[in-house]
Amino acid sequence: TRSKCHLHWKDEGYSSSDSSQKFPTLYSDTKHYIKLKYKIRSLVKQSNHAQIYKAIHRETGQKVIIKRYLTDHFDTKELYFTELAYKVCPEYCLPVMYKNIDSKYLTFIIPEYGMSLYDFMLFRSQVLSLKEARYVFKQVVKCLLKLQHFGLYHLDIKEENILIDPKTFKIKLIDFGCSSELPAFHKNIVGSKEFCAPEIYDGRSDFANLRKHDVWSLAVTIISSMTGNTPYQNIEDIISGEEDFEIKADVD
């Protein structure tokens with residue numbers, strides 16, 4: 001199972017909802033706002049400390065994602081970096097449409113966009129072709145370069161955090177819960193284990209320069225998207241550089 005960096009996801013107690021599932025009550029002023037403005041469509045993911053919903057605006061019909069976290073288990077940097085990323089790179093990031101922090105919960109809303117690259121490949125039972133990968137990851141690279149120009153680093157690049165429109169192949173980068181900006185004072189950079197650079201595991205990580213971590217995880221994501229498997233089977237393989245993959249070139 002691919003591990004999340006966020007503290008509140010570490011138990012990975014996710015559950016998919018069905019039409020008969022009762023949704024947890026939204027809290028205080030946020031509860032009133034959500035009830036007034038949105039119709040909850042489904043509960044996408046749930047842990048002991050957070051829920052993620054799909055909803056639709058009652059008046060405009062716009063589909064959105066509602067994220068709700070217990071404030072005592074939430075680092076506000078995800079919200080901070082989500083807003084900052086959209087300000088820096090609106091073409092490839094999503095805006096925060098609503099946010100509220102009260103005595104119990106932090107809630108924010110972003111637009112729903114396509115599906116994750118991971119789900120897209122599962123849905124069609126096919127990895128990306130060379131031509132598709134060029135188009136998709138050219139956008140990802142443009143986004144990362146723009147973010148890095150402003151000193152912002154994602155640090156959890158993988159298929160699950162790249163949203164794709166199945167019709168246009170346009171992308172949006174999401175999930176900035178692991179992100180950092182320079183100077184980086186913390187010493188606990190952790191993304192998803194199969195995608196982390198070897199320096200993170202062997203203690204040689206250079207926290208004054210975060211660019212290498214995004215470059216590494218981007219490369220692993222490209223390989224995974226074109227082969228269906230990550231190139232490293234365990235941490236030892238990552239540290240030793242023992243890759244196991246083969247990309248078949250297609251002519252198009």
Side-chain angles (χ1 to χ4, degrees), residues 1-7 9-14 16 44-45 47 52 78 92 114-145 147-148 153-164 166 169 171-180 188-207 209-250:
T1 303
R2 293 177 179 177
S3 61
K4 286 283 191 177
C5 70
H6 313 329
L7 174 64
W9 287 130
K10 282 188 176 177
D11 62 353
E12 296 194 322
Y14 301 151
S16 297
V44 180
K45 293 181 180 179
S47 74
I52 299 179
E78 180 181 358
Y92 298 120
M115 64 177 70
S116 74
L117 180 57
Y118 183 83
D119 288 338
F120 172 67
M121 293 188 296
L122 282 180
F123 177 75
R124 69 175 192 169
S125 301
Q126 181 181 341
V127 297
L128 297 183
S129 67
L130 179 58
K131 182 178 180 179
E132 291 170 340
R134 282 173 176 164
Y135 186 77
V136 168
F137 287 104
K138 182 178 181 180
Q139 297 173 76
V140 178
V141 169
K142 285 182 177 180
C143 179
L144 293 178
L145 287 174
L147 296 176
Q148 289 181 5
Y153 301 87
H154 188 279
L155 303 181
D156 195 20
I157 302 298
K158 57 182 179 179
E159 293 106 322
E160 290 91 335
N161 291 337
I162 300 170
L163 298 183
I164 183 171
F169 278 65
I171 67 98
K172 300 289 184 182
L173 192 61
I174 60 166
D175 199 345
F176 289 84
C178 291
S179 298
S180 183
N188 60 343
I189 296 177
V190 178
S192 297
K193 59 183 180 181
E194 298 96 325
F195 296 83
C196 285
E199 291 88 350
I200 290 178
Y201 294 114
D202 65 11
R204 294 184 293 110
S205 183
D206 178 7
F207 291 91
N209 183 356
L210 303 179
R211 186 175 291 107
K212 67 178 72 172
H213 303 304
D214 275 344
V215 171
W216 179 278
S217 58
L218 172 64
V220 174
T221 302
I222 293 173
I223 294 169
S224 178
S225 298
M226 297 184 69
T227 66
N229 295 288
T230 52
Y232 306 101
Q233 303 304 311
N234 50 56
I235 294 175
E236 290 73 21
D237 289 346
I238 295 175
I239 295 175
S240 65
E242 294 293 330
E243 298 95 350
D244 181 18
F245 69 93
E246 180 182 356
I247 296 179
K248 296 181 180 179
D250 50 0

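These numbers come from a predicted model, not from an experiment. Just so you know, these numbers use all the heavy atoms, side chains as well, and skip hydrogens, waters and symmetry mates.
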Handout entry: Residue pair Val215, Leu144: steps toward the side-chain contact (heavy atoms from CB on, under 4.5 Å) verdict
Key = CA-CA 9 Å; Val215 171; Leu144 293 178; over 6 Å; no
Exercise for the section: Before giving the answer on side-chain contact (heavy atoms from CB on, under 4.5 Å), spell out for Ile162 and Val140 the whole-Å C-alpha distance, their side-chain angles and the decisive distance to 0.1 Å. Expected result: CA-CA 8 Å; Ile162 300 170; Val140 178; 4.0 Å; yes
Handout entry: Full working for ring pair (Phe, Tyr, Trp, His ring centres under 6.0 Å) between Phe120 and Phe169
Key = CA-CA 10 Å; Phe120 172 67; Phe169 278 65; 5.4 Å; yes
Exercise for the section: Could you please spell out the steps behind the ring pair (Phe, Tyr, Trp, His ring centres under 6.0 Å) verdict for His154 and Phe176? Expected result: CA-CA 6 Å; His154 188 279; Phe176 289 84; 4.9 Å; yes
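One finds the CG atom of Leu173 at 4.5 Å from the SG atom of Cys143 (value rounded to the nearest 0.5 Å).
Not counting sequence neighbours, the partners of Lys142 by the side-chain contact (heavy atoms from CB on, under 4.5 Å) test are Tyr92, Lys138.
When every heavy atom of Glu194 is checked against every heavy atom of Thr230, the shortest pair comes out as CB-CG2, 4.0 Å. Across Ala133 and Met226, no two heavy atoms sit closer than the pair CB-SD, 3.7 Å. Of all heavy-atom pairs between Ser225 and Phe137, the closest is OG-CZ, 3.5 Å. Taking each heavy atom of Ile157 and Leu218 in turn, the nearest pair found is CG2-CA, 4.0 Å. Closest approach of Asp156 to Asp214, counting heavy atoms only: N-OD1, 4.4 Å. In this structure, Leu155 and Ser180 approach most closely via the heavy-atom pair CD1-CB, 3.9 Å.
At least one side-chain heavy atom of Phe195 sits under 4.5 Å from a side-chain heavy atom of Thr221. At least one side-chain heavy atom of Ile164 sits less than 4.5 Å from a side-chain heavy atom of Val136. Side-chain contact between Leu128 and Leu117 is present, with at least one heavy-atom pair separated by less than 4.5 Å.
For the 3.5 Å distance criterion, the side chains of Ser224 and Glu159 qualify, holding a donor opposite an acceptor.
Exactly one of Glu132, Gln139, Lys131 qualifies for a side chain to side chain contact (heavy atoms under 4.5 Å, CB included) with Tyr135. That residue is Gln139.
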